[in-house]
Visitor: 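Here it is: the structure, laid out below.
From a predicted model like this one, the values you see are computed outputs, not experimental measurements. Naming convention: chains lettered A, B, ... in sequence-line order (proteins, then strands); numbering from 1 in each chain. What's counted below: heavy atoms across the whole structure, side chains too, no hydrogens, waters or symmetry copies.
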Amino acid sequence: MSGRSLSEIVGLFGGELLDDNGVRVSQAASLETASPDAISFLARDKHRSALAATRAGAVVIGANARDATRLPRIVVANPYAYFARVAQLLNPGPATEAGIHESAVVEANARVAESASIGALAFVGERACIGERAIIGEGSVIGADSAIGDDARLYASVVVYPRSVIGERSILHSGVVIGADGFGIAEDQGEWVKVPQLGRVVIGADVEIGANTTIDRGTSSDTVIEDGVKMDNQIQIGHNVFIGSHTAIAGCVGIAGSAKIGRRCKIGGRASVLGHISIADGTTISACAFISKSIDVPGIYGGSYPFSEHREWRRNAVHLRHLDALAKKIRELESRLAEKEG
Amino acid sequence: MSGRSLSEIVGLFGGELLDDNGVRVSQAASLETASPDAISFLARDKHRSALAATRAGAVVIGANARDATRLPRIVVANPYAYFARVAQLLNPGPATEAGIHESAVVEANARVAESASIGALAFVGERACIGERAIIGEGSVIGADSAIGDDARLYASVVVYPRSVIGERSILHSGVVIGADGFGIAEDQGEWVKVPQLGRVVIGADVEIGANTTIDRGTSSDTVIEDGVKMDNQIQIGHNVFIGSHTAIAGCVGIAGSAKIGRRCKIGGRASVLGHISIADGTTISACAFISKSIDVPGIYGGSYPFSEHREWRRNAVHLRHLDALAKKIRELESRLAEKEG
Amino acid sequence: MSGRSLSEIVGLFGGELLDDNGVRVSQAASLETASPDAISFLARDKHRSALAATRAGAVVIGANARDATRLPRIVVANPYAYFARVAQLLNPGPATEAGIHESAVVEANARVAESASIGALAFVGERACIGERAIIGEGSVIGADSAIGDDARLYASVVVYPRSVIGERSILHSGVVIGADGFGIAEDQGEWVKVPQLGRVVIGADVEIGANTTIDRGTSSDTVIEDGVKMDNQIQIGHNVFIGSHTAIAGCVGIAGSAKIGRRCKIGGRASVLGHISIADGTTISACAFISKSIDVPGIYGGSYPFSEHREWRRNAVHLRHLDALAKKIRELESRLAEKEG
């Protein structure tokens, strides 16, 4: 029988099962797109009308909404996270055959676990170590002396420079480049001398890195990404950066060299972090903000120029170059008026 | 005889031919760089002095400038677009041999049209379908169950994840990644649970996508790029995004998840669009703007901080943190003065 | 005997040797991470406490700090640049075997120097020319008619489109795409016609280009990067751009089409330069600035919105849409007060 029963799911992940009608679910979907063989979820009250209209066969729901539907439902503390786990269960991903594709090139002294899968046209360098059940995608290049952890998954066309470390269960999407040289140059009479980048990139377990993100190797110590960090696409991480565990970083963020990002931070899309500064654990940074100084007290920080109709923006923006004069004029008016008032 | 006569060109694309002297053109170039065997164009009046000085053998010109030169010329309504078509005619690109390069890896049950070309060291996954005359560049990876339309061209090192659809005549440049997982994570007690990304990327016909641009697959429905959309390099498109037909997007733009961009929009370089918002058809967005709310009325929108000499900027910018206090002080002065005035 | 004596180093690079105790150094490291077999450096006075605590066996130091330590030391004018050269000497990089890997595909009429190294699964197109001792990394693709200079190094998965030129000793990191089509499109009745991109990319000697950076080919003339330019990761360079020699560009910078950047400029991370403008030689641009007009006088230019606590930012930013009204009100108050003052 295909799919999973709700009691099976509750057996695995917990939760309170209400109004079970024996439905078996084989897919996970949003309330709007779910078909009767799918399980869905309600995470926010504003989606209650979608709940009323859904065709889903079952839903995951919070305690506060336990009576919001008569559908078969699982009541849990965190419906979205619970739903994510159920969706993983129902979508294990295609089975990948263990073994080295005949078109791949694996250096003789690399160590590839028997249960690992090396895709077509991939390359594994000297003394590199590929863990149990790890998957190296088509055309990926694993540099010499690198270590890829058990159950890690590298999609197609990932590049890992020599001596990098990727932790267990981490996921690297296509176009990711780990361990390229940091931007270390010394000025000498108007020209530049390259400073060799001798450190490594060390990535923990359960990290996910989005497509075309780049993480540079350290100068003399390492660039470190701790366990459970999640990164979106096209993020740039400079040399010697430290990112604490379970921090989440949205797309297009840039973090300059030697910055230290705390644990469990949330960084919005396109934000920029200056080099050599520190961000406290638990800090949230808004999209498009430029963080130019250290943040010692966790909180929500941001700053981006608001958009408006183009001519209106130009009319207003011209004053930005005279704010100091404007502020002075106000102080002057104040003192003149005070004098007047005696 | 090499090149094309002007009457041949007019026969193909229309326009009024004036002062033809039998010249044959074999190249298309700007007024400044054209040699006597080249055709050029005048699109804006400000380039009339370049017209006077050009060595071009012929020009494409608007009706308002029909008498601005005695050179052989083709008078048309839209000189730049006409010139673009002539340039395409004169530069058909190198002929690519049909067939599968012996170093490519094509899974047994993939379907590759006989007229298609699969480059060296490329990979085509199971059940993928490569259309007539499609070109897959060296080292590109086409995931299982993908469909590449007739006459599509993927340059070297493109990655297309499984189940993606690329329309006819679309062009994908090197480093493009189509269909990587969207950034879907559910927070659970300070850690993150991955939300499986089950949708696809569906790209229409006549789309062009610049180098290293990334387009993520949808969460449960699809990410959709309609016909005729043109994208520059290093653009990031989040999961579930919809981009309407014939919209043009300049380099480094980021569009966050579930945003809906209308048809025939123009988005300037480095602009950012927040997730879950809608942009009306025909909207223009200026370079570097951060669009943080939906735009319902088409128009030109923008907003970016103006640059200035560094110390001047710092002197002015310090007041941005006190604008609210400044505005209050002005109101206060107003009321004190009003009182004074009786 | 392993490592280098200080007198050997001074023999190669100059400088004054003080308190030599015969130490041989085999590594270069920061003051904090150096072990006794390493040489370090002091470039700024603020690191004097690190100097006092270092375990380094020797240091490179400026004349002003010649007596700041009793360690064996080399006194020079520019300690950081000197250190960089010593670090290069001590870290020559792994020897790469000359020759073409058996899995690489090299077209019959390509010309590959015998001393060059073509990595596994790389591709070299027709009539391409690979210089002496040049290294082409695994999976890289060199287009037809390209020229890669002597001693150039391309890491894994670099793509060079046809007809590009890369100068001697230049370094291209993984994911770099050179010579993709510029974003040239002509509007025609709400749709777009592609303008063929017929120019090339010409890159000088001693250039370094960071991971996933993209440089587009010119429209009819060339995109030009002069000698000694240094670029970080994820930079986007549009078509027809010119970058003068020895300019350094930090990560995530975008330079739009036909911009002309002078020599010996310094451009901070995430800065954006509008198309068709010119930047004077020797100009410095701050991180995150949007340069929307030409800069004729060298200096330091910048402009970015300062971040603050999120609610504070929102409270202040709301006034940015009314700055013009605010400025008017101040002028009005001024004239009312002046009247009052008689």
Visitor: If I measure from the heavy atoms of chain C, does H322(B) come under 4.5 Å with its side chain, its backbone, both, or neither?
Guide: backbone

Visitor: Do Y155(B) and Y161(C) have their ring centres less than 6.0 Å from each other?
Guide: yes

Visitor: Measure distances from V273(C) to the heavy atoms of chain B and classify the residue's part below 4.5 Å as side chain, backbone, both or neither.
Guide: neither

Visitor: Roughly how far, to the nearest 0.5 Å, is the CG atom of D227(B) from the CD atom of E191(C)?
Guide: 9.0 Å

Visitor: Could you have a look at G299(C), A180(C), G190(C), A289(C) and say which one has the most heavy-atom pairs with chain B under 4.5 angstrom?
Guide: G190(C)

Visitor: So how far is it from C252(B) SG to Q234(C) CD, rounded to the nearest 0.5 Å?
Guide: 9.0 Å

Visitor: Atom CD1 of I300(C) and atom CZ of R311(B): how far apart are they, to the nearest 0.5 Å?
Guide: 7.5 Å

Visitor: Please check: side-chain N/O of N91(B) versus main-chain N/O of L198(C), any donor-acceptor pairing under 3.5 Å?
Guide: no

Visitor: With a 4.5 angstrom heavy-atom cut-off, which part of Q236(C) approaches chain B: side chain, backbone, both or neither?
Guide: both

Visitor: A256(C) versus chain B, heavy atoms under 4.5 Å apart: side chain, backbone, both or neither?
Guide: neither

Visitor: So which part of T219(C) gets closer than 4.5 Å to some heavy atom of chain B, the side chain, the backbone, both or neither?
Guide: neither

Visitor: Would you say that E138(B) contacts V159(C) through its side chain, given a criterion of any heavy-atom pair below 4.5 Å between the two side chains?
Guide: no

Visitor: Could you check if a side-chain atom of D232(B) sits within less than 4.5 angstrom of a side-chain atom of D216(C), using non-hydrogen atoms only?
Guide: yes

Visitor: Let me know if R321(B) has heavy atoms under 4.5 Å from chain C in its side chain, its backbone, both or neither.
Guide: both

Visitor: What part of R314(C) is in contact with chain B, defined as an atom under 4.5 angstrom from a non-hydrogen atom: side chain, backbone, both or neither?
Guide: neither

Visitor: Any chance the side chains of S272(C) and R270(B) put a donor and an acceptor closer than 3.5 Å?
Guide: yes

Visitor: Looking at residues at least two apart in the chain, or sitting in another chain, which of them share a salt bridge (Lys or Arg N to Asp or Glu O under 4.0 Å) with E187(C)?
Guide: K266(B)

Visitor: Are the side chains of E334(B) and L333(C) in touch, meaning some heavy atoms are under 4.5 Å apart?
Guide: yes

Visitor: For chain C, which candidate among H310(B), E208(B), E309(B), R263(B) shows the most heavy-atom pairs at distances under 4.5 Å?
Guide: H310(B)

Visitor: Heavy-atom pairs under 4.5 Å with chain C - which of A248(B), G269(B), P306(B), G303(B) has more of them than the others?
Guide: A248(B)

Visitor: If you tally heavy-atom pairs under 4.5 Å against chain B, which of I330(C), V141(C), D181(C), L337(C) wins?
Guide: D181(C)

Visitor: Any chance you could measure L326(C), atom CG, to L323(B), atom CG, to the nearest 0.5 Å?
Guide: 7.5 Å

Visitor: With only heavy atoms counted, which part of I295(C) is less than 4.5 Å from chain B, the side chain, the backbone, both or neither?
Guide: side chain

Visitor: Run the side-chain contact (heavy atoms from CB on, under 4.5 Å) check on D188(C) and R85(B) step by step: do they pass?
Guide: CA-CA 11 Å; D188(C) 192 23; R85(B) 290 195 175 91; 3.0 Å; yes

Visitor: Between S292(C) and chain B, with a heavy-atom cut-off of 4.5 Å, which part of the residue counts as in contact: side chain, backbone, both or neither?
Guide: both

Visitor: Carefully, step by step, assess V105(C) and H101(B) under the rule side-chain contact (heavy atoms from CB on, under 4.5 Å).
Guide: CA-CA 10 Å; V105(C) 175; H101(B) 192 279; 3.8 Å; yes

Visitor: Supply the atom-to-atom distance N212(B) CG to T214(C) OG1, rounded to the nearest 0.5 angstrom.
Guide: 6.0 Å

Visitor: Is chain C contacted by the side chain of L121(B), its backbone, both, or neither, given a heavy-atom distance below 4.5 Å?
Guide: side chain

Visitor: Minimum heavy-atom separation for A84(B) and A186(C), please, with both atom names.
Guide: CB-CB, 4.3 Å

Visitor: Checking A271(C) against chain B: side chain, backbone, both or neither under 4.5 Å from a heavy atom?
Guide: backbone

Visitor: Given that the side chain runs from C-beta out, which part of I235(C) has a heavy atom under 4.5 Å from chain B: side chain, backbone, both or neither?
Guide: backbone

Visitor: I'd like to check S304(C) versus Y305(B) (side-chain heavy atoms, cut-off strictly below 4.5 Å). Are they in contact?
Guide: no

Visitor: Is it the backbone or the side chain of E102(B) that comes under 4.5 Å from a heavy atom of chain C, or both, or neither?
Guide: neither

Visitor: Ignoring hydrogens and geometry, is there a side-chain-to-backbone donor-acceptor pair from Q88(B) to K194(C) under 3.5 Å?
Guide: yes

Visitor: Of the backbone (N, CA, C, O) and the side chain (C-beta and beyond), which part of E32(B) lies under 4.5 Å from a heavy atom of chain C, both, or neither?
Guide: neither

Visitor: Measure distances from S30(B) to the heavy atoms of chain C and classify the residue's part below 4.5 Å as side chain, backbone, both or neither.
Guide: both

Visitor: Looking at every heavy atom in both W313(B) and G302(C), which two are closest together, and how far apart are they?
Guide: CB-O, 4.0 Å

Visitor: At a 4.5 Å cut-off on heavy atoms, which part of I249(B) comes close to chain C: side chain, backbone, both, or neither?
Guide: backbone

Visitor: Contact between S308(B) and Y301(C) at the side-chain level, heavy atoms closer than 4.5 Å - yes or no?
Guide: no

Visitor: Examine whether an atom of A122(C) lies under 4.5 Å from a heavy atom of chain B, and if so say whether it belongs to the side chain, the backbone or both; otherwise answer neither.
Guide: backbone

Visitor: Apply the test side-chain contact (heavy atoms from CB on, under 4.5 Å) to residues Y80(B) and V193(C): give CA-CA distance (whole Å), side-chain angles for both, the deciding distance (0.1 Å), then the verdict.
Guide: CA-CA 9 Å; Y80(B) 189 38; V193(C) 184; over 6 Å; no

Visitor: Got a second to check how far M231(B)'s CE is from I185(C)'s CD1, nearest 0.5 Å?
Guide: 11.5 Å

Visitor: Okay, side chain of N316(C), backbone of D324(B): is any donor-acceptor separation there less than 3.5 Å?
Guide: yes

Visitor: Step by step, work out the side-chain contact (heavy atoms from CB on, under 4.5 Å) result for L320(B) and L320(C).
Guide: CA-CA 9 Å; L320(B) 291 170; L320(C) 291 171; 3.8 Å; yes

Visitor: For T284(C), which atoms come within 4.5 Å of any heavy atom of chain B: side chain, backbone, both, or neither?
Guide: neither

Visitor: Looking only at non-hydrogen atoms, find the nearest pair between A120(B) and F123(C) and report the distance.
Guide: CB-CD1, 3.6 Å

Visitor: Considering only heavy atoms, which portion of I171(B) lies under 4.5 Å from any heavy atom of chain C: side chain, backbone, both, or neither?
Guide: side chain

